[in-house]
Undergrad: 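Below you will find the structure I want to go over with you.
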Amino acid sequence: MYLSQERSILPSRLLACLIAFAIFLLFSSSLSLIQFDPNSFIPISVLHLILDNNTSLSPTPNAKTNLLALATPSAKAPTSLIDESTTKQCDKDNALLKVYMYDLPPEFHFGLLGWKGVKANQTWPNLREAKRLPSYPGGLNLQHSVEYWLTLDLLASNVGNVARQCSAYRVQNSSDADVIFVSFFSSLSYNRGSKQKRGRQNDMVLQGKLVEFLQGREEWKVSGGRDHLVVAHHPNSMLFARKKLGTSMFVLSDFGRYDVKIANIDKDVIAPYKHMVRSVPPAASASFVQRPNLVYFQGAIYRKDGGVIRRELYYLLKDERDVHFAFGSVGRNGVKDAGKGMATSKFCLNIAGDTPSSNRLFDAIASHCVPVIISDEIELPFEDVLDYSEGIKEEEWTTMWGKLKEKSLHYEYQYPSQPNDAVDMIWKTVAHKKMPTRLMDHRRNRYSRSRSQ
């Protein structure tokens, strides 16, 4: 396999396959950005994301369709999830998604950050006092902070002086809502309690209280929980409550530790990790010739479950020229060093660890390093028409690099949210997922009424 006509042949066909696989950038944790084929694990948006400027929904391509056809926009494509309009006043009449949020006590959300209200019985921080907003803890906690950003965004929708995208608007009456948001910082609760027995007990107690609260609510009883949105981004969060709340829509990092009856692509949303490394500004992104490393990986080598492939690849690649494959952690300057390494590498390996997904994918995107995803949960698509042993030349890499720079905004969490960033895309994906659910509920209600007559 050749990276260019002048480059020598690499010693391993496996490496050739992996690097060629980067063409498709199988973003298994990419928010289901566009649409999923109900019969496949693979998002049909994969090639559009890299090869096509058009981000609209498209029909599922036949396996024998050629690459040119896959890169061509469909003339009858449904409406895009991406809405560039930010000029309208945000209220329940023009928001894409109307969301009711339970006013759970602070112990379920900002209280876990040490926040206490100034006034008695104050449930939420005052967003008009930005300097007093509680911050989310750093380190590895930050990668699962989806719950924090979504909650802030909903609160901000009722504050007039916060300039944000109007994808979701918080309504005050649940009867007006498309979705009911459960404001439990489940990942933070798990992380805070995972190191100590007492902490684990506190997390279990909170989950028990949450289940009792939800199952006692009329909103839950009416829908059976199907219109509720629960964020459980850490793979081990909601461990004790997930089965009891399995009818709700989950926001997850992957499905690796969930039974398919509890979590699946038909009803749930896959959200990106918050990347740990600093985002590289597009204008400062190193080109092909400015990236001396061919392949980069730094992290834990010895992992259980599907992560054993890391060890095998380590012994295969560690001594190869232009390959950085080394142990690493977030300690000391680990994140800073990883950011520098990715930003100076052409390809970044995203290898399955204890779970199918990893924050490393989104670090690579933020660094504009073309990701190569290696996971048992992802199959190689279109192998009947594509030769995965063929290599990637500089021109092809540069095309993918350009698309990464263009699309990297979709994986940025920020407050206030901005058009097409991670928060905005999550809300749009929830709205997209809710359409068939609402249709099924209407049909179910119609059937029940016809039987009772």
Side-chain angles (χ1 to χ4, degrees), residues 26-32 36 40-43 139-148 150 182 184-197 199-208 210-211 214 225 228-276 299-311 330 350-363 373-379 426 429-430 433:
L26 295 180
F27 293 159
S28 59
S29 301
S30 66
L31 272 180
S32 310
F36 281 78
S40 173
F41 290 120
I42 307 300
L140 289 175
N141 292 278
L142 197 59
Q143 62 183 332
H144 297 296
S145 57
V146 182
E147 54 211 17
Y148 173 79
L150 293 181
V182 180
F184 177 38
F185 289 3
S186 61
S187 295
L188 182 60
S189 179
Y190 171 78
N191 277 327
R192 285 289 170 91
S194 62
K195 304 298 181 182
Q196 302 174 356
K197 182 178 180 180
R200 289 194 296 273
Q201 291 173 340
N202 290 340
D203 182 37
M204 291 175 61
V205 168
L206 280 179
Q207 291 183 51
L210 181 68
V211 170
L214 291 176
H228 284 54
L229 186 66
V230 177
V231 183
H233 199 259
H234 192 292
N236 292 330
S237 62
M238 299 295 288
L239 191 61
F240 308 103
R242 60 178 60 167
K243 187 173 183 180
K244 295 179 180 179
L245 304 181
T247 55
S248 63
M249 180 186 293
F250 288 123
V251 178
L252 307 171
S253 57
D254 59 50
F255 299 115
R257 295 182 180 175
Y258 281 80
D259 186 286
V260 70
K261 295 179 180 179
I262 297 175
N264 56 74
I265 200 60
D266 291 330
K267 73 175 183 70
D268 301 310
V269 174
I270 297 300
Y273 292 67
K274 188 180 189 313
H275 58 78
M276 305 284 289
I301 304 296
Y302 299 100
R303 309 302 288 178
K304 56 187 178 181
D305 300 328
V308 294
I309 187 64
R310 289 191 185 183
R311 183 183 65 233
V330 297
N350 182 63
I351 312 172
D354 296 337
T355 58
S357 66
S358 139
N359 178 66
R360 194 170 284 102
L361 169 62
F362 304 100
D363 284 343
I373 300 175
I374 306 162
S375 173
D376 288 342
E377 299 299 318
I378 299 174
E379 298 179 359
I426 289 174
T429 305
V430 171
K433 291 274 187 178

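Computed over heavy atoms, backbone and side chain alike; hydrogens, waters and symmetry mates excluded.
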Undergrad: Could you tell me whether Arg242 sits above the aromatic face of Tyr258, with NZ or CZ closer than 6.0 angstrom to the six-membered ring centre and within 45 degrees of the axis?
TA: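 Yes.
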
Undergrad: Is the shortest heavy-atom distance from the side chain of Leu206 to the side chain of Phe184 under 4.5 Å?
TA: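 Heavy-atom side-chain distance check passes, below 4.5 Å.
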
Undergrad: Run the side chain to side chain contact (heavy atoms under 4.5 Å, CB included) check on Phe240 and Val205 step by step: do they pass?
TA: CA-CA 10 Å; Phe240 308 103; Val205 168; over 6 Å; no

Undergrad: Between Ser189 and Ser186 (side chain of the first, backbone of the second, donor and acceptor by atom type, cut-off under 3.5 Å), is there such a pair?
TA: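 No.
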
Undergrad: In Å, rounded to the nearest 0.5 Å, how long is the span from CZ of Arg257 to CG of Leu239?
TA: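 Here the rounded value is 9.0 Å.
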
Undergrad: Looking only at heavy atoms, what is the nearest atom pair of Ala232 and Ser187, with distance?
TA: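 The answer is C-OG, 4.3 Å.
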
Undergrad: Any donor and acceptor pair, going by atom type alone, linking the side chain of Lys243 with main-chain N or O of Asp259 inside 3.5 Å?
TA: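 Not a single qualifying donor-acceptor pair exists.
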
Undergrad: The test is side chain to side chain donor-acceptor pair (under 3.5 Å); show your working for Tyr190 and Asn236 and say whether it passes.
TA: CA-CA 7 Å; Tyr190 171 78; Asn236 292 330; 3.1 Å; yes

Undergrad: Measure the shortest side-chain to side-chain distance between Ile265 and Phe255 over non-hydrogen atoms and say whether it is less than 4.5 angstrom.
TA: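 A side-chain contact exists here, since the closest heavy-atom pair is under 4.5 Å.
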
Undergrad: So Val231 and Met249, do their side chains get closer than 4.5 Å, heavy atoms only?
TA: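 They are not in contact (no side-chain heavy atoms under 4.5 Å apart), so the answer is no.
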
Undergrad: Using only atom types and a distance under 3.5 Å, with no angle test, would you say the side chain of Glu147 pairs donor to acceptor with the backbone of Leu188?
TA: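 Yes.
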
Undergrad: Decide yes or no for Met238 and Val230: does some side-chain heavy atom of the first lie under 4.5 Å from some side-chain heavy atom of the second?
TA: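 Of all side-chain heavy-atom pairs linking Val230 with Met238, at least one is under 4.5 Å.
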
Undergrad: Are the side chain of Arg310 and the backbone of Ile351 linked by a donor-acceptor contact shorter than 3.5 Å?
TA: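 Yes; at least one donor-acceptor contact below 3.5 Å.
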
Undergrad: For Lys274 and Phe362, indicate whether the former's side chain and the latter's backbone hold a donor-acceptor pair under 3.5 Å.
TA: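 Checking the backbone N and O of Phe362 against the side chain of Lys274, no donor-acceptor pair under 3.5 Å is found.
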
Undergrad: Once you round to the nearest 0.5 Å, how far does NE2 of His275 lie from CZ of Arg360?
TA: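 So the NE2 of His275 and the CZ of Arg360 are separated by 15.0 Å.
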
Undergrad: Under 3.5 Å, is there a donor-acceptor pair between the side chain of Lys267 and the main chain of Ser248?
TA: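 A pair under 3.5 Å: yes.
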
Undergrad: Mark yes or no for whether Asn350, through its side chain, and Leu361, through its backbone, hold a donor-acceptor pair below 3.5 Å.
TA: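 Yes, because the side chain of Asn350 sits within donor-acceptor range (under 3.5 Å) of the backbone of Leu361.
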
Undergrad: Show your reasoning for whether side chain to side chain contact (heavy atoms under 4.5 Å, CB included) applies to Val211 and Leu245.
TA: CA-CA 7 Å; Val211 170; Leu245 304 181; 4.2 Å; yes

Undergrad: Can you check whether Val182 reaches Leu229 side chain to side chain, under 4.5 Å on heavy atoms?
TA: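 Not touching, per the 4.5 Å side-chain cut-off.
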
Undergrad: Is there a side-chain contact between Val146 and Tyr273 in this structure, where contact means two heavy atoms from C-beta onward sitting under 4.5 Å apart?
TA: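 They are not in contact (no side-chain heavy atoms under 4.5 Å apart), so the answer is no.
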
Undergrad: Should Met276 and Leu140 count as side-chain neighbours, where that means a heavy-atom distance under 4.5 Å?
TA: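 The answer is yes, as the side chains (C-beta and beyond) meet within the 4.5 Å cut-off.
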
Undergrad: Drop me the distance from Thr247's OG1 to Lys261's NZ, to the nearest 0.5 angstrom.
TA: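 That separation rounds to 15.0 Å.
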
Undergrad: How far apart are the closest heavy atoms of Ser357 and Ser253, and which atoms are they?
TA: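 Taking Ser357 first and Ser253 second, the nearest heavy atoms are OG-O, 3.5 Å.
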
Undergrad: Does His233 use its side chain to pair, donor to acceptor, with the backbone of Ser145 at less than 3.5 Å?
TA: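 Checked: no pair found.
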
Undergrad: When you look at Asp268 and Asn264, which way does the side chain to side chain donor-acceptor pair (under 3.5 Å) test go after all the steps?
TA: CA-CA 6 Å; Asp268 301 310; Asn264 56 74; 4.9 Å; no

